[in-house]
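Report on one structure; see the data block that follows.
This structure is a prediction, so every number in the text was calculated from the model and none was measured. Reckoned from all heavy atoms, side chains included, excluding hydrogens, waters and symmetry mates.
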Amino acid sequence: MVQIKTFDDCIAIAGSGKKHLMLGNGFSIALFPQIFNYRRLAENIESERITLLFEAIETNDFEFVMRRLLETEEIVKHYDSSDDIRNHIHNDIEELKNTLIHVISKCHPPKPSEITEHQYASCRKFLLNFEKGNTYTFNYDLILYWVLMHFHDNPELKLPCDDGFRYPYSDEYVPEEERDLSLHWEIGRERGQSIYYIHGAMHIFSDGSDIEKLSYTNLGIPLADQVKQAIDEDIFPVFISEGSTEHKLARIKKNGYLSRTFSSLKSITGNLFIFGHSIRDEDDHVFDFINQNNKNLKIFIGLFGKPDEPHNQVIINKIEKWRKSYRGKIFEFYDSTSVDVWGNLSDV
């Protein structure tokens, strides 16, 4: 029988070793359950063609639809000598990517004030468990960023939050009124980075070479509004929406920021806490890489709900396969409700 510990038990097991955090969509859903879920996102699709695809496949899962389209594109190559069908499928894939970005920006809470002071304080308490380690997130939204920035200007409460973005080198030599106020990420200048967006994020943009981060401080415009404006101008975030683990990995390898984020996973030591992630097959490229490169890393996996529920049985069975494949590694389960990340159950 699988033993489910509390979050505090696992923190105690981790002891004084370095603790890293990996966040899945459950982190955001726990705060805004009516916003960050596939059903809600699917309800806001405006494209009739994409809506028909979702209805045909009978799902609200963007990643599942994407995976089916990619598989179909590969299969059709062997049966159709013309380009018509393949072009239609390829166009649908591109439209689905753009639809996902549009939908998330449309559904996203508009301002950081949507989060209460109590919720900010509670999340800060949770994140302090990992202040000496790295934080990785699969999420595209701005929630983690908002929490980190909320305390940024308070020396007593500030959380470690180096995301690797810097002002350009030239700033110190350029008059203040002419300086580039945007923040850029460059290989070789990211030393000290501790916050990583594994599949990109709404506020990280690229023109194919330069990687830039949107910032409220620089323009005084809410980030969600900046994102919407950029998308309306056909400028899209660094944002991986492919469905299969193979396609996600291929995209990661083509982007300097994402590939450096991915490669940083092999250097983490001590303990990794996974919160709010269902260990989906679509993210096997991440978990396989971690397991293969971090021999002594203890991994703690959060389960939401009872262990015998179907979604948890999928996770448990997968972790049992990991135990057999990576003998000697320690995998522990904890009840994710035993850590009140957003202060919904108690005072901070």
Side-chain angles (χ1 to χ4, degrees), residues 7 10-11 14 17-31 36 63 123-124 126-149 159-165 185 190-204 211 213 237-241 245 248-249 251-253 255-294 296-302 315 319 322 329 331-332 334 336 339 341:
F7 178 76
C10 290
I11 289 292
K18 188 170 287 188
K19 303 174 188 67
H20 307 277
L21 176 63
M22 181 169 283
L23 298 171
N25 200 36
F27 174 74
S28 302
I29 290 176
L31 180 62
F36 295 113
E63 289 193 332
C123 188
R124 176 183 177 275
F126 168 66
L127 294 175
L128 280 174
N129 289 292
F130 312 99
E131 62 178 332
K132 295 182 180 179
N134 294 341
T135 295
Y136 294 89
T137 177
F138 286 95
N139 301 336
Y140 314 126
D141 60 61
L142 300 172
I143 305 305
L144 175 63
Y145 180 79
W146 281 349
V147 174
L148 296 173
M149 291 300 99
L159 290 159
C161 57
D162 188 342
D163 60 9
F165 284 83
W185 186 93
E190 83 287 5
R191 181 181 294 274
Q193 183 174 348
S194 61
I195 304 296
Y196 296 90
Y197 294 88
I198 300 174
H199 289 154
M202 287 174 61
H203 63 304
I204 299 175
I211 300 172
K213 181 182 76 171
V238 175
F239 193 106
I240 295 181
S241 54
T245 186
K248 284 181 177 178
L249 183 57
R251 278 289 308 281
I252 285 171
K253 290 179 178 179
N255 180 281
Y257 172 83
L258 297 178
S259 60
R260 184 55 64 96
T261 291
F262 187 75
S263 66
S264 74
L265 289 165
K266 68 182 178 184
S267 62
I268 59 175
T269 60
N271 311 273
L272 176 66
F273 283 72
I274 300 173
F275 179 86
H277 197 289
S278 58
I279 321 294
R280 293 160 60 106
D281 292 346
E282 290 84 353
D283 292 324
D284 276 350
H285 56 291
V286 174
F287 298 118
D288 289 346
F289 188 73
I290 291 171
N291 281 323
Q292 291 164 10
N293 287 280
N294 307 80
N296 299 316
L297 188 70
K298 296 186 186 74
I299 300 180
F300 301 87
I301 304 98
I315 297 174
I319 303 307
W322 288 1
K329 289 192 70 172
F331 300 97
E332 299 280 5
Y334 67 92
S336 61
V339 50
V341 175

Determine whether [X] and [Y] make a side-chain contact, defined as any pair of heavy atoms from C-beta on separated by less than 4.5 Å.
| X | Y | value |
| --- | --- | --- |
| I279 | F287 | yes |
| I274 | L23 | no |
| E131 | P160 | yes |
| T137 | F27 | no |
| V286 | I198 | yes |
| K253 | F262 | no |
| F138 | M22 | yes |

Once side chain to side chain donor-acceptor pair (under 3.5 Å) is applied, do any residues pair with [X], and if so which ones, sequence neighbours excluded?
| X | result |
| --- | --- |
| Y136 | N134, S264 |
| D283 | K248, H277 |
| H285 | H199, T245 |

Query raised in the report: Can E190 and R260 be counted as an ion pair, charged N to O under 4.0 angstrom?
Result: yes
Query raised in the report: Between the side chain of H20 and the main-chain N/O of T135, is any donor-acceptor distance below 3.5 Å?
Result: no
Distance in Å, [X] [atom1] paired with [Y] [atom2], rounded so as to fall on 0.5 Å steps:
| X | Y | atom1 | atom2 | result |
| --- | --- | --- | --- | --- |
| I240 | L258 | CD1 | CG | 4.5 Å |
| N139 | S28 | CG | OG | 4.0 Å |
| L159 | R124 | CG | CZ | 5.5 Å |
| I195 | Y145 | CD1 | OH | 11.5 Å |
| K213 | Y257 | NZ | OH | 9.5 Å |
| I290 | N294 | CD1 | CG | 6.5 Å |

Report task. Could I get the full list of side chain to side chain contact (heavy atoms under 4.5 Å, CB included) partners for K329, not counting sequence neighbours? Result -> N291, I299, Y326, F331
Query raised in the report: Residues two or more places apart in sequence or in another chain: which of them pass side chain to side chain contact (heavy atoms under 4.5 Å, CB included) with A14?
Result: K19, N271, F273, F300
Requested in this report: Evaluate side-chain contact (heavy atoms from CB on, under 4.5 Å) for F165 paired with I211, printing each intermediate quantity in order.
Outcome: CA-CA 9 Å; F165 284 83; I211 300 172; 4.0 Å; yes
**Report entry** Partners meeting salt bridge (charged side-chain N to carboxylate O under 4.0 Å, His left out) with D288 (sequence neighbours left out)
**Finding:** none
Query raised in the report: Using the ring of each side chain (for Trp, its six-membered ring), is Y334 parallel, tilted or perpendicular to F275, with breaks at 30° and 60°?
Result: parallel
Requested in this report: Locate the shortest heavy-atom distance separating S194 from G133; write the atom from each residue and the value.
Outcome: CB-O, 4.1 Å
